[in-house]
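Below is one structure, written out as structure tokens; the observations come after it.
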There are 2 protein chains.
Amino acid sequence: MTKHQAVQADGSPGVVYRGIVDGLYRGRYVPGQRLVEADLTRDFEVGRGSVREALSRLAAEGLVTMNLHRSAVIRQLSRTEVRDLVALLEVLNGFAARLAAERIDEGANRKQIEDTFSVLMDGEVQRDFLRFARARNTFYRTMVAVGANHELARIMPRTNVDLLRVQFRAYQTVDESARIEDYRAIHDAIVEGAGRKAETAAKAHIRRFGDSIEKLPDAAFSG
Amino acid sequence: MTKHQAVQADGSPGVVYRGIVDGLYRGRYVPGQRLVEADLTRDFEVGRGSVREALSRLAAEGLVTMNLHRSAVIRQLSRTEVRDLVALLEVLNGFAARLAAERIDEGANRKQIEDTFSVLMDGEVQRDFLRFARARNTFYRTMVAVGANHELARIMPRTNVDLLRVQFRAYQTVDESARIEDYRAIHDAIVEGAGRKAETAAKAHIRRFGDSIEKLPDAAFSG
DNA sequence: TATGAAATACATGTCGGACGATCTTGGTGA
DNA sequence: TCACCAAGATCGTCCGACATGTATTTCATA
């Protein structure tokens, strides 16, 4: 009698994990919100153990913070944390872009980059926050995959870009067209195989993004 | 009756976690070795839940790999993985060194750097593998702490430097004195407040380390 | 003797319940 | 008003059970 689990490909913790990340993007969860284990157990219909495992994975990635004997909370970045994160992302994305450029001629890399990029440039996609966010994530993920540095791939998801995105979604951070141009510059440098140039372009993009966030009012940040 | 847990500062999972990392350095565990949950439960006298949590933390940091329905295994790096890791460390350590240099004049930073560095330079410490490993970890940790980028601090431990160290312990990788000189160069640049220089020195050190590892025989790697 | 499939052993994935520890909150008395 | 204590909320941890999947051994058969 399998009244018990109908194991997903990734298992129960994965269900919870993805459910929360997805809920974040959909606005079901917002930064600062508490995540009580018992509630999640009920909502996702899994054991508390699985919930706890999902939470600790999220905590490891910095998406939630777990305070001892107090419920987990969706993390809300302070000004300093955002600055730190952006500085780190500048370095990492620069590295990723450089690697991708250096390996653009191997296997199906070029095609993959161009395919995901073309989705990103689709006018219809750009108009839908959710679809665009997904397309952008895919593009970045492809960039990392093409770079083929497994350790970087292991580390990247643990930089809470998702959090950044969600936290500042309400604010029109960068002027749309400028952002698109940034992506194009990165893409062009990569397919051109120009490592140095790709690195610079990626870094510049992140820096611009950081600058625009600096200008936001305090209300956009935590404590 | 508290026959139950005598909660450590960090809790049962922490005990297991530290026990394993420590066991790694002490040679109790070696790369490739299987970690059976039941055994760990017995050895550390904690519940299986705690063991599992410790294992997933270790897996998140890349120290062990967990295959579905098969026991966890202490990770053994292949040549490619080592190359990838070294390349990433070069970027990250360079970043850390630069930040540290830029902030050397704030608070007690200078003193902290010099203190931990002097331990590293102690002749007696250098002769003891375990003590030296600890001193080096402390120095790097201090460097990151001084740099004061919280996100970097969050990411760094997740780069399995420990694994690198242990896996190649048997081989005399770099000539001792050269290595010491590298550290000195990094230190000097940092206390000098020369960000660029510190970054270059740190990167150069990692690259030299990587080069020396490239020369090792296949037996030192997995698959 | 070689071989392939079934039976078995082993270990993990997940659930549910239980209980102590600790933080928060709200009420109570000086 | 304020220190203090009781109650509630939640987490940290342990235990036992069973399903699920992998590895190994056994054994009938060619």
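So that the names make sense, note that chain A is the first sequence line, chain B the second, and so on, each numbered from 1.
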Checklist line | pair A/Leu63-A/Arg75: side-chain heavy atoms closer than 4.5 Å | finding: no
Next item on the list: Please examine the side chains of A/Leu120 and A/Phe132, heavy atoms only from C-beta on, and report whether any two atoms are closer than 4.5 Å.
Entry: yes
Notebook entry, point to check: Nearest to the side chain of B/Arg70 - D/dT13, C/dC23, D/dA23?
Noted result: D/dA23
Note to self: Can you identify which nucleotide, out of D/dT20, D/dT10, D/dT13, has its nearest atom closest to the B/His69 side chain?
What the structure shows: D/dT20
Distance below 4.0 Å between [X] side-chain N/O and [N] OP1 or OP2:
X       : N      : answer
A/Arg52 : D/dC11 : no
A/Ser12 : C/dG13 : no
A/Ser71 : D/dA9  : no

Checklist line | Sole residue of B/Arg42, B/Arg70, B/Arg52 in salt bridge (Lys or Arg N to Asp or Glu O under 4.0 Å) with B/Glu37 | finding: B/Arg52
Margin query: Whether the side chain of A/Arg48 and the base of C/dG17 hold a donor-acceptor pair under 3.5 Å is what I'd like checked.
Written below: no
Margin query: Looking at A/Ala220, is its backbone amide N or carbonyl O close enough to the side chain of A/Gln167 to form a donor-acceptor pair, meaning the two atoms are under 3.5 Å apart?
Written below: yes
Margin query: Parallel, tilted or perpendicular, judged at 30° and 60°: which one describes the rings of B/Tyr183 and B/Tyr140?
Written below: perpendicular
Note to self: So for the helix from C/dT1-D/dA30 to C/dA30-D/dT1, with five pairs setting each end axis, what is the inter-axis angle to 10°?
What the structure shows: 10°
Next item on the list: Using heavy atoms and a sub-4.0 Å distance, could you list which residues of residues 30-41 of chain A are near DNA chain C? By number, please.
Entry: none
